Amino acid sequence: MPNYTLKINGKSRSFSAEDDTPLLWVLRDELDMVGTKFGCGIAQCGACTVHVDGTAMRSCQLKMSMLDKEEITTIEGLSENADHPLQEAWKEVDVPQCGYCQAGQIMTAASFLKDNPTPSTEEIREAMHGNLCRCASYNRIEKAVAIAAKKMS
């Protein structure tokens, strides 16, 4: 089994994995970083979203053979004390119901706000439309992203 070393949340992490193993399973099963969730397994729901070099990507479809020197950030690495403006806005608006999709939602929003710090409501909707929420908390998610954008600017 091949050995890999990746920079995850600012730290070098070494592990063994087959080349076709999705990053999601390495994070969860090999590195015990369970904040990133398995949803659909086909990159359609967004529950497994992480940042790869700052860009939101679906970890369920990122095979280890596709990764080399990229820097990976998971929900655990977004902020040291869970005090990122998005995480604070999520609490302020009381977004989660079941909470399962929230890590992916927050990671998608963080990448989006990095590129568009003053988004319109329509831009927020467009950026977040690929992340599914079974509890239908979309209005609260949209509101929390808008609040975080204001806090971050």
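Fair warning: this is a prediction, and the values are worked out from it, not measured in the lab.
- Contact detail for Ala56 and His51: the closest heavy-atom pair is CA-CD2, 4.0 Å.
- A 4.5 Å side-chain heavy-atom check between Val34 and Arg28 finds at least one atom pair inside the cut-off.
- A donor-acceptor contact shorter than 3.5 Å is absent between the side chain of Ser137 and the backbone of Ile141.
- Of all the heavy atoms in Ala82 and Glu88, the pair that sits closest is O-OE2, 3.7 Å.
- One hydrophobic cluster holds both Trp90 and Phe112 under the rule that ILVMFWY side chains link at heavy-atom gaps under 4.5 Å.
- Using a 3.5 Å distance cut-off with no hydrogens or angles, the side chains of Thr73 and Asn9 do not pair a donor with an acceptor.
- Residues Tyr100 and Phe38 come closest through the heavy atom pair OH-O, 2.6 Å.
- A donor atom on one side chain and an acceptor atom on the other are not found under 3.5 Å apart for Ser120 and Glu122.
- Side chain of Gln87 to main chain of His84: a donor-acceptor pair is present (N/O by atom type, distance under 3.5 Å, no hydrogens or angles).
- Linking ILVMFWY residues whenever their side-chain heavy atoms come closer than 4.5 Å, directly or via other members, places Met128 and Met107 in the same cluster.
- Nearest heavy-atom pair across Leu78 and Ala110 is CD1-CB, 4.0 Å.
- Looking at Ser111, its side chain does come within 3.5 Å of a backbone N or O of Gly54 through a donor-acceptor pair.
- At a threshold of 4.5 Å between side-chain heavy atoms, the hydrophobic network of Ile, Leu, Val, Met, Phe, Trp and Tyr places Leu27 and Met66 in one connected group.
- Nearest heavy-atom pair across Thr36 and Ser59 is CG2-OG, 3.6 Å.
- Across all their heavy atoms, Met64 and Leu23 have their closest contact at SD-CA, 4.1 Å.
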